[in-house]
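Sequential numbering from 1 along the given sequence is applied to the chain's residues. Every number for a ligand or one of its atoms is a count from 1 in the order of the listing.
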Amino acid sequence: MTEILKVNAANPQTERIERAAVALRQGKLVAFPTETVYGLGANALDTQAVRRIFAAKGRPGSDPLIVHLADADWLPRVAAEIPPIAYRLAAAFWPGPLTLILPKRDEIPAQISAGRNTVGVRVPAHPVALALLKAAGIPIAAPSANRFGRTSPTRASHVLADLGERIDLILDGGETSIGIESTVLDITAPEPVILRPGGVTAEQLAALLGKVVVAGDVPEHEIPPSPGMLPRHYSPRAELIFLIQPERAAALAALRRLAEDEIGRGRRVGMLLVEEDLPYFAGLPVETASLGAQNDLWQAARLLYAGMHSLDARLVDVTLTRDLGEAGPGLALRDRLRRAATKIVS
Ligand code: TXA
Ligand code: MG
């Protein structure tokens, strides 16, 4: 049986955190909230526990895990070399949604880094995650708490629905505040490279680093065997059509044609759009999920996965959504939607 423990998100109850910390030290799997998404945690120094994460998620061993720390002071426990830039980035963005790729210490199981000589680390900015890390006293490996390829969880109920009986304990700290995953920044190369855009924006990093490179949309090891065979990730159950059209009026007209076409084929359609776009589809028999106000992409990030989960719960066959540009969190939104999409229309 999976146990669900409600915790106060701002001021977590000590005895509940302690129970979760004991479970982690015993090698069990504990899901917990971070400021980005819920993580599926295990003792990062325990190879068996780390193996259980991969088994529970159905995740291929080739996909490395992020190790969570209570404080930048813990870096020497996991990283073999820590360049000065790591401490500058930590001072600016930790606790927070930035994962740094650093040379790995031998004590970190090879499974965590999928056989590479690097390790991804971050200090999460959530009182529950930080309290858990401090109480456990160990680095915690934690991928997003969803089955491999599925939509990441922003609520405990999402974790329960997706991973259910596969995990021992879920700490329920309510909704996560950022809603999309951390930015993954590789600082082992001569020039820092964003491997995954996320909760710390490219603009924020450029302000500190001067220049920052964004890796190609599809990582080299994931290059699809043939066009149209993009690896799906972050995906809802429903099909997802992602429209990339910078001109709003043209985008809405195209979405309407797509929606009418799907409805005509007898399919149940979901619209995942900013508030201002939704009235445009008022006359159509569609399910809707709002991404909040058009001028607030942070709100869109917070509502993205929750919207996908909500439309899935309403059993839509296909969801239509559109690109919101690349400013700030827009780049991360675009990345997740491209990977979640069954079809990209531009
Ligand atoms: O916000 C987050 O990062 C959440 C919360 C729970 O902290 N975690 C998360 O983990 O998103 P996951 O496993 O779903 O995604 C980890 C990402 C993957 O894209 C993985 O390839 C990359 O980080 N990564 C981890 N270690 C790496 C390494 N050593 N080298 C390159 N990429 C790495
Ligand atoms: Mg994930």
Side-chain angles (χ1 to χ4, degrees), residues 29-42 44 50 53-54 56-69 78-80 93-105 108-126 128-130 132-133 139-154 158-159 162-163 170-171 173 176-189 192-200 215 217-222 231-235 301-302 304-305 329 332 335-336 339-340:
L29 299 184
V30 175
F32 62 95
T34 79
E35 79 282 28
T36 59
V37 300
Y38 274 72
L40 179 60
V50 169
I53 291 181
F54 285 92
K57 281 187 59 111
R59 179 174 175 128
S62 56
D63 199 0
L65 305 179
I66 293 171
V67 176
H68 296 68
L69 312 175
V78 294
F93 299 110
W94 284 356
L98 178 67
T99 294
L100 299 178
I101 306 299
L102 291 167
K104 176 179 102 56
R105 267 185 87 107
I108 300 298
Q111 283 80 2
I112 286 194
S113 56
R116 300 158 199 235
N117 55 7
T118 56
V119 62
V121 287
R122 83 176 188 102
V123 177
H126 193 296
V128 172
L130 288 173
L132 182 61
L133 282 156
I140 298 176
S144 51
N146 51 275
R147 290 198 199 191
F148 182 69
R150 289 290 188 193
T151 306
S152 305
T154 57
H158 300 154
V159 181
D162 199 26
L163 290 173
I170 301 173
L171 286 177
T176 64
S177 57
I178 292 190
I180 49 167
E181 297 83 353
S182 64
T183 300
V184 177
L185 184 71
D186 188 348
I187 51 172
T188 61
V193 181
I194 295 177
L195 298 181
R196 176 179 74 178
V200 168
D217 284 322
V218 181
E220 213 177 311
H221 66 275
E222 284 179 14
R232 278 193 91 197
H233 211 137
Y234 311 105
S235 304
R302 183 159 62 247
L304 180 75
Y305 293 142
D335 171 78
R336 302 308 186 272
R339 290 168 194 277

Atoms of ligand 1 close to R116 [distance to a heavy atom under 4.0 angstrom, numbered from 1]: 30 (N), 31 (C)
Ligand-side contact atoms (ligand 1) for residue partner T36, heavy atom cut-off under 4.0 Å: 1 (O), 2 (C), 4 (C), 5 (C)
Nitrogen or oxygen of K57 less than 3.5 angstrom from that of ligand 1: no
Those atoms of ligand 1 less than 4.0 Å from some heavy atom in L195: 31 (C), 32 (N)
For ligand 1, the portion of H68 having any non-hydrogen atom under 4.0 Å away: side chain
Residue pair P33 / L171, side-chain heavy-atom distance below 4.5 Å: yes
Qualifying residues under ring-ring contact (aromatic ring centres under 6.0 Å, His included), relative to H158, sequence neighbours excluded: H309
Proximal protein heteroatoms (N, O or S) of the Mg ion (ligand 2), under 2.8 Å: S144 OG
Closest contact, heavy atoms only, P64 versus A114: N-CB, 3.9 Å
Backbone or side-chain N or O of T99 under 3.5 Å from ligand 1 N or O: no
Salt-bridge criterion met for E35 and R122 (N-O under 4.0 Å): yes
Minimum heavy-atom distance A141-A44, with the two atoms named: N-CB, 3.6 Å
Location of contacts on R59 toward ligand 1, heavy atoms closer than 4.0 Å: side chain
Per-atom contacts, ligand 1 versus A142 - under 4.0 Å to a heavy atom: 6 (C), 8 (N), 10 (O)
Numbering as shown, the atoms of ligand 1 that approach I101 to under 4.0 Å (heavy-atom distance): 27 (C), 28 (C), 30 (N), 31 (C), 32 (N), 33 (C)
Mode of S144 contact toward ligand 1 - side chain, backbone, both, neither (heavy atoms, under 4.0 Å): both
Shortest non-hydrogen contact from R196 toward Y234: CD-OH, 3.6 Å
Polar contact flag, side-chain donor to acceptor under 3.5 angstrom, T99-S182: yes
Test salt bridge (Lys or Arg N to Asp or Glu O under 4.0 Å) applied to R302 - qualifying residues, sequence neighbours left out: none
R336 side chain reached by Y305 side chain, heavy atoms, under 4.5 Å: yes
Close-contact set for ligand 1 against V184 heavy atoms, below 4.0 Å: 23 (O)
For D63, atoms of ligand 1 separated by under 4.0 Å from a heavy atom: 20 (C), 21 (O)
Under-4.0 Å heavy-atom contact with ligand 1, by part of E181 that carries it: both
Value rounded to 0.5 Å, distance of CG in L100 from CD1 in I187: 4.5 Å
Results of side-chain hydrogen bond (donor to acceptor under 3.5 Å, both in side chains) for S144 - residues two or more places apart only: N146
Option from T34, L69, V123, L133 for which side chain to side chain contact (heavy atoms under 4.5 Å, CB included) with P95 holds: V123
